[in-house]
Number of protein chains: 2
Amino acid sequence: MKRNSRLSAVLHALLHMAERDRPMTSEELAVCLHTNPVVVRRTMAGLREAGLVISGRGHGGGWALGRPLEDVTMRDIYAALGEPMLFQMGNVTESPGCLVEQAVNHALDDAFHDAEAMLIARLGEVTLATLADDFKRRFAEHRAALKQPG
Amino acid sequence: MKRNSRLSAVLHALLHMAERDRPMTSEELAVCLHTNPVVVRRTMAGLREAGLVISGRGHGGGWALGRPLEDVTMRDIYAALGEPMLFQMGNVTESPGCLVEQAVNHALDDAFHDAEAMLIARLGEVTLATLADDFKRRFAEHRAALKQPG
DNA sequence: CACTTCGTAACTACTATCATTACATGAAAA
DNA sequence: TTTTCATGTAATGATAGTAGTTACGAAGTG
């Protein structure tokens, strides 16, 4: 199956919004994300409920950040998206009667749970401000490279 | 999409095979795994190519372990299955032109790669012998519980 | 040769993600 | 108040991955 790219997409959207001083419409965001305005609305819905973004209708409406960049981590975004399944792999049966399968499940769950905990902790260490700074660095590098080709 | 349960399934199969002194047919394994013989053959194909199991046709044929339990880790099995994608989440674009998206991808890749490395290392620490021992412990507990109900 | 068992291709069912269409709701501008 | 803009959301379709199933060929045993 296709992989879930919502976290990646909304982070992308939020950083573009951070570069603007006015709300961005779903249409504008859809252009940035190379997708459809309805997909944008659907994906951002969870963030709105979590207060991470604010949406307004009508003239001058659109999407704006609901909190300072420093106060939002990638983990917050992940949570606002409903904490989608991280792993593509899983057990055949969740609560098997077979003792062999129980032993297998236990070993796999152990490893996967630890990896999940580590990953989520890592997401919690990166704020939108971190990402915005990284973008600015890349942007400066990009401009420097254009000035001095070769 | 359904989650990939092949690792879980083949581990289950290998431990059942370890409890037998003769090859197990795909039919027998399919009963253990509550699935179809063809699914068993398909899933075990990679393990055969990796030498982790041996298959034989005709009378007395079936599947047998190709290596001692102590010599095979869950990581080996994972590799023999073709190292299927671990994560359900991914980036929208792998090599985006947009610098914002590059910053996002970099941060996410960083976290996911570390989690993947940790998980795979963990899989490498657990051998089939470890799992077999855990099964035996569970089996002993199970029998004790039956003897002394309440 | 008869029988068993694997090897594999082809087809189906199910599920998840994302795209798209259609229309209702709400808010600002004219 | 009417028009216009923009979100909110349901319904539908396209695509892809997993697993189940059928069918048949290949290879080995008795």
Side-chain angles (χ1 to χ4, degrees), chain A residues 1-10 12-13 17 20 22-50 52-64 66 81-93, chain B residues 1-10 12-13 17 20 22-50 52-64 66 81-93:
Chain A
M1 185 198 299
K2 252 179 227 168
R3 292 167 81 188
N4 178 331
S5 59
R6 274 168 271 203
L7 180 56
S8 164
V10 290
H12 188 181
M17 288 159 59
R20 303 280 202 94
R22 285 186 305 171
M24 285 183 76
T25 66
S26 306
E27 187 69 43
E28 289 170 320
L29 284 170
V31 171
C32 288
L33 306 191
H34 306 106
T35 181
N36 189 292
V38 177
V39 173
V40 171
R41 291 186 204 121
R42 207 153 50 198
T43 312
M44 302 282 280
L47 304 208
R48 182 183 55 236
E49 282 159 32
L52 300 177
V53 297
I54 297 167
S55 68
R57 309 204 219 197
H59 284 277
W63 301 87
L81 289 174
E83 306 194 341
M85 276 292 183
L86 287 178
F87 298 108
Q88 194 142 27
M89 308 184 63
N91 296 322
V92 177
T93 315
Chain B
M1 180 197 308
K2 255 176 222 167
R3 290 168 81 190
N4 179 330
S5 61
R6 275 168 267 200
L7 179 56
S8 165
V10 290
H12 188 181
M17 287 160 60
R20 304 281 202 92
R22 283 186 307 170
M24 285 183 77
T25 66
S26 306
E27 187 69 45
E28 289 170 320
L29 285 170
V31 171
C32 288
L33 307 191
H34 306 106
T35 181
N36 188 292
V38 177
V39 173
V40 171
R41 290 185 206 123
R42 206 153 52 195
T43 312
M44 302 282 280
L47 305 207
R48 182 183 55 236
E49 282 159 32
L52 300 178
V53 297
I54 297 167
S55 68
R57 309 204 218 198
H59 284 278
W63 301 87
L81 289 174
E83 306 193 341
M85 275 292 183
L86 287 178
F87 298 107
Q88 194 142 26
M89 308 184 62
N91 297 321
V92 178
T93 315

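Within every chain, numbering begins at 1; the chains are lettered A, B, ... in the order of the sequence lines, protein sequences first and strands thereafter.
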Supply the atom-to-atom distance [X] [atom1] to [Y] [atom2], rounded to the nearest 0.5 angstrom.
{"X": "A:Gln88", "Y": "A:Arg3", "atom1": "CD", "atom2": "CZ", "answer": "6.5 Å"}
{"X": "A:Asn4", "Y": "A:Met85", "atom1": "CG", "atom2": "CE", "answer": "12.0 Å"}
{"X": "B:Leu33", "Y": "B:His12", "atom1": "CG", "atom2": "NE2", "answer": "5.5 Å"}
{"X": "A:Ile54", "Y": "A:Met44", "atom1": "CD1", "atom2": "CE", "answer": "11.0 Å"}

Rounding to a whole Å, what distance do you find between [X]:[atom1] and [N]:[atom2]?
{"X": "A:Met44", "N": "D:dA6", "atom1": "CE", "atom2": "P", "value": "16 Å"}
{"X": "B:Glu28", "N": "C:dT5", "atom1": "CD", "atom2": "C1'", "value": "11 Å"}
{"X": "B:Leu29", "N": "C:dT4", "atom1": "CG", "atom2": "P", "value": "19 Å"}
{"X": "A:Arg3", "N": "C:dT15", "atom1": "CZ", "atom2": "C1'", "value": "18 Å"}
{"X": "A:Asn4", "N": "C:dT17", "atom1": "CG", "atom2": "P", "value": "5 Å"}
{"X": "A:Trp63", "N": "C:dG26", "atom1": "CH2", "atom2": "P", "value": "16 Å"}
{"X": "A:Leu81", "N": "C:dC18", "atom1": "CG", "atom2": "P", "value": "10 Å"}
{"X": "A:Arg41", "N": "C:dT20", "atom1": "CZ", "atom2": "C1'", "value": "12 Å"}

Whichever of A:Gly58 and B:Arg48 has its nearest DNA chain C nucleotide further upstream toward 5':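 This one resolves to B:Arg48.
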
Return whichever of A:Arg57 or B:Ala45 has its heavy-atom-nearest nucleotide of DNA chain C closer to the 5' end.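 Between the two, 5'-proximity favours B:Ala45.
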
B:Arg48: which residues meet the side-chain contact (heavy atoms from CB on, under 4.5 Å) condition with it, sequence neighbours left out?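 Checked B:Arg48 against side-chain contact (heavy atoms from CB on, under 4.5 Å); matches are B:Ala45, B:Val53, B:Ser55, B:Trp63.
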
Who are the side-chain contact (heavy atoms from CB on, under 4.5 Å) partners of B:Val38, not counting sequence neighbours?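 Per chain and number, B:Val38 pairs via side-chain contact (heavy atoms from CB on, under 4.5 Å) with B:Asn36, B:Arg41, B:Arg42.
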
Are [X] and [N] close enough that a side-chain N or O sits under 4.0 Å from OP1 or OP2?
{"X": "B:Ser26", "N": "C:dC6", "result": "yes"}
{"X": "B:Ser5", "N": "D:dA19", "result": "yes"}
{"X": "A:Ser55", "N": "D:dT7", "result": "no"}

Side chain of B:His59 only, please: which of C:dT5, D:dT4, D:dG28 is the nearest?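 The nucleotide sitting nearest to the side chain is D:dG28.
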
Checking all strands, does A:Gly62 fall into the base, sugar-phosphate, or nothing category for heavy-atom contacts under 4.0 angstrom?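 It contacts sugar-phosphate atoms only.
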
Does B:Arg42 reach a base, just sugar-phosphate, or nothing at all? Heavy atoms under 4.0 Å.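 The residue B:Arg42 makes base contact.
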
Begin with the C-alpha distance, continue with both residues' side-chain angles, and end with the deciding distance and a verdict on side-chain contact (heavy atoms from CB on, under 4.5 Å) for B:Arg6 and A:Met89. CA-CA 8 Å; B:Arg6 275 168 267 200; A:Met89 308 184 63; over 6 Å; no

Which residues in residues 31-39 of chain A have at least one heavy atom lying under 4.0 Å from any atom of DNA chain C?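 Of all residues in residues 31-39 of chain A, the ones placing a heavy atom under 4.0 Å from DNA chain C are A:Thr35, A:Asn36, A:Val38, A:Val39.
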
